[in-house]
Number of protein chains: 2
Amino acid sequence: MFELSHLRCFVAVAEELHFGRAAARLNMTQPPLSRQIQLLEHALESRLLERSSRIVSLTPAGRAFLPEARRIVHLSESAASWTRRVWRGEVGTLRLGYTAASGYSRVPALLALVRRELPGLDVVLREMVTHAQLEELDCGTIDAGLLRALPPGSRTASLPLASEGLAVAIAVGDPLLQRASLSPADLDGRDLVGYSPNASKYLFELTMGFLDQSGARPNLTQQVGQIHTMVALVAAGFGLALVPESARCLGMPGVEFRRFETSPCKPVELMIVWLRGNENPALTTFIETYRGDQVLA
Amino acid sequence: MFELSHLRCFVAVAEELHFGRAAARLNMTQPPLSRQIQLLEHALESRLLERSSRIVSLTPAGRAFLPEARRIVHLSESAASWTRRVWRGEVGTLRLGYTAASGYSRVPALLALVRRELPGLDVVLREMVTHAQLEELDCGTIDAGLLRALPPGSRTASLPLASEGLAVAIAVGDPLLQRASLSPADLDGRDLVGYSPNASKYLFELTMGFLDQSGARPNLTQQVGQIHTMVALVAAGFGLALVPESARCLGMPGVEFRRFETSPCKPVELMIVWLRGNENPALTTFIETYRGDQVLA
DNA sequence: GGCGGTTACGTAAGGCGTAAGAATT
DNA sequence: AATTCTTACGCCTTACGTAACCGCC
């Protein structure tokens, strides 16, 4: 069977209609070029070129084969360059898991970054709770997750995505909103919507730690897993809530947010997490681009 | 740069996901297959396969390259078989010149033959007068012509296409049509539409020869170049005409045809003519198919 | 006689197969 | 220990370049 090099030889001769010039274009001498054409003709059981001593012309079979040969050569070159770009991570697919909370805070900025710096990347977004993201990271269904709790073990790597303070979500009309400044003690005796220790382990532990440390004594009521649910409960009059500041972005009517004047609380972290073993080049370029952008910002 | 053999190796390994089985499929041993894949990866500056000692899997770059590799291999195979068929003359283009006269007598049968026996052949038909056909044969613009006069010289070859007698075209109402049998002497003194010695040299000479030989003495009037013009003139009352029998096929109203009872006239020949040097395989298969069909008929 | 394609031949590169190696289960 | 991919090495095919050849303007 013939090879791509034969096709390149044939295309050159067919275009030049002159073995000498074609050979020069191919950076070789005429004799081996003649031989390559003969081998190609033998492989195709067809005469492609008519050589009448002074003039070279295409036979009907050669005319039929030429556009095919061109297409094959061109296709192989474009396939090669495309594959190189996939390997370098310039084009490809990045499957990203994200929590509902990150959806309204950081995801839009990340997508904008990808669109600006890595326009060849397709980002497939899937909203998932943290533990689902960890599972899918593990089995390779997503390339990276946006989550709060860094899982144990060294199989994962991570990069900080956001760090924010805790705010108090307060229903409009609540006299607390009239206060000039807020302190943890202001929560004493008030209803406080709490986090589920299962579905929202990170925020559960962080808020509980904050309450312990600050000595506030609110009256814990519901246990919910997602921040937008929590803010909705505040709007519905179920009490106050401790939420990351970015909850403002939800724009929930009937709820306002206040920070503590002197806040000893740990910041709420959000990070990009991925498996170290993940060989998707799109992930690597994404991470590097994000890291580079962070340095600049 | 990589070659088609590398692509075949890669496709086999990517489909089997096992070097040993892929090598067996390719009728080779594993080690050179490994090496070919490495060379391909080197040429593409990309890792296409992940070999984790017990399991072989595609990288994103490999997944991107696989369909391209398949396409290229498939294209090269189909291009090869297509070219072989063009070379054998099973597919291709046959440019055929024909005279108006052959258009209503033999061309339909020829086209039917091609459609039946050589369905891959495109026949490009062009109606042309004889001398134009000879010119275009010479410069290669048509592959074969259907004409009456065999040109001199050995650069052409030919095959008989039709051989028919002369008939007399007679306008309806002419008392000649009442006669039981017709002899050349019946033309004596009658108007006869004649052929142009330039535009229709062959029929001019043939009919003149016939008149000389038979001793008929008609009154020659017009000189026309084409048979349908001639028959139209007969219908319009310009006299009688000597035409090939196939002129009946014209179905011109107001004209009927009669043969001579005892006709010493030479048959009117129609032949397929082509240049011996013509290398269009479509012409060769066409001629051979026609010749074979003639033997059968 | 010169231009242009082909054939002949020596050298070098590359592919294949066998054998040995390395890594994982 | 067995399976599977990789490396090492010898052999052979094949491509290249130089030189000689043939055919035609």
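Order of the sequence lines sets the chain letters (A, B, ...), proteins ahead of strands, with each chain counted from 1.
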Atom [atom1] of [X] to atom [atom2] of [N]: distance rounded to whole Å?
X: A:L17; N: C:dG4; atom1: CG; atom2: P; result: 13 Å
X: B:R51; N: C:dA22; atom1: CZ; atom2: P; result: 19 Å
X: A:I55; N: C:dG5; atom1: CD1; atom2: C1'; result: 14 Å
X: B:F2; N: C:dG15; atom1: CZ; atom2: P; result: 15 Å

A:H18 side-chain N/O to C:dC3 phosphate OP1/OP2 under 4.0 Å
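Result: no.
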Run the ring pair (Phe, Tyr, Trp, His ring centres under 6.0 Å) test against A:F286 and tell me which residues pass, sequence neighbours left out.
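By the ring pair (Phe, Tyr, Trp, His ring centres under 6.0 Å) rule, A:F286 matches no residue at all.
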Check ring pair (Phe, Tyr, Trp, His ring centres under 6.0 Å) between A:Y98 and all other residues, then give those that pass, not counting sequence neighbours.
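A:Y98 satisfies ring pair (Phe, Tyr, Trp, His ring centres under 6.0 Å) with no other residue.
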Can you list, in residue-number order, the parts of residues 28-48 of chain A that come under 4.0 Å of DNA chain D, counting heavy atoms only?
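Nucleic-acid contacts, sorted: A:M28, A:T29, A:P31, A:P32, A:Q36, A:L39.
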State which residues pass side chain to side chain donor-acceptor pair (under 3.5 Å) with [X]; sequence neighbours excluded, sorted by chain then number.
X: B:Q36; answer: B:H6
X: A:S102; answer: A:T99
X: A:R51; answer: A:E41

pair B:T83-A:E68: side-chain heavy atoms closer than 4.5 Å
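Counting from C-beta outward, B:T83 and A:E68 never come under 4.5 Å.
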Relative to each other, are the rings of B:F10 and B:F65 parallel, tilted or perpendicular (30° and 60° limits)?
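Tilted: the ring planes of B:F10 and B:F65 meet at 30° to 60°.
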To the nearest 10 degrees, how far apart in direction are the end axes of the helix from C:dG1-D:dC25 to C:dT25-D:dA1, each fit to five base pairs?
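Overall, the helix from C:dG1-D:dC25 to C:dT25-D:dA1 bends by 20° from one end axis to the other.
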Taking only distance into account, with no hydrogens and no angle test, what donor-acceptor pairs under 3.5 Å do side-chain atoms of residues 20-33 of chain B form with protein atoms, sequence neighbours excluded?
unit_1 : atom_1 : unit_2 : atom_2 : d
B:R21  : NE     : B:E16  : OE1    : 3.4
B:R21  : NH2    : B:E16  : O      : 3.3
B:R25  : NH1    : B:E15  : OE1    : 3.3
B:R25  : NH1    : B:E16  : OE2    : 3.1
B:R25  : NH2    : B:E15  : OE1    : 2.7

Output one line per pair: protein atom, nucleotide atom from nucleotides 22-25 of chain D, and distance, for all N/O pairs under 3.5 Å.
unit_1 : atom_1 : unit_2 : atom_2 : d
D:dC24 : O4'    : A:S53  : OG     : 3.0

Quick one: which residue pairs count as a salt bridge (Lys or Arg N to Asp or Glu O under 4.0 Å) with a foot in residues 84-101 of chain A, not counting sequence neighbours?
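Qualifying pairs, neighbours excluded: A:R84-B:E45, A:R85-A:E90, A:R88-A:E90, A:R95-A:D143.
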Is there any side chain to side chain donor-acceptor pair (under 3.5 Å) pair reaching into residues 55-64 of chain B, and which pairs are they, with sequence neighbours excluded?
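Sorted result for residues 55-64 of chain B: empty, none.
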Among residues two or more places apart or on two chains, list those pairs meeting side chain to side chain donor-acceptor pair (under 3.5 Å) that have a residue in residues 115-132 of chain A.
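Pairs touching residues 115-132 of chain A that pass the test: A:R116-A:D293, A:R126-A:E136.
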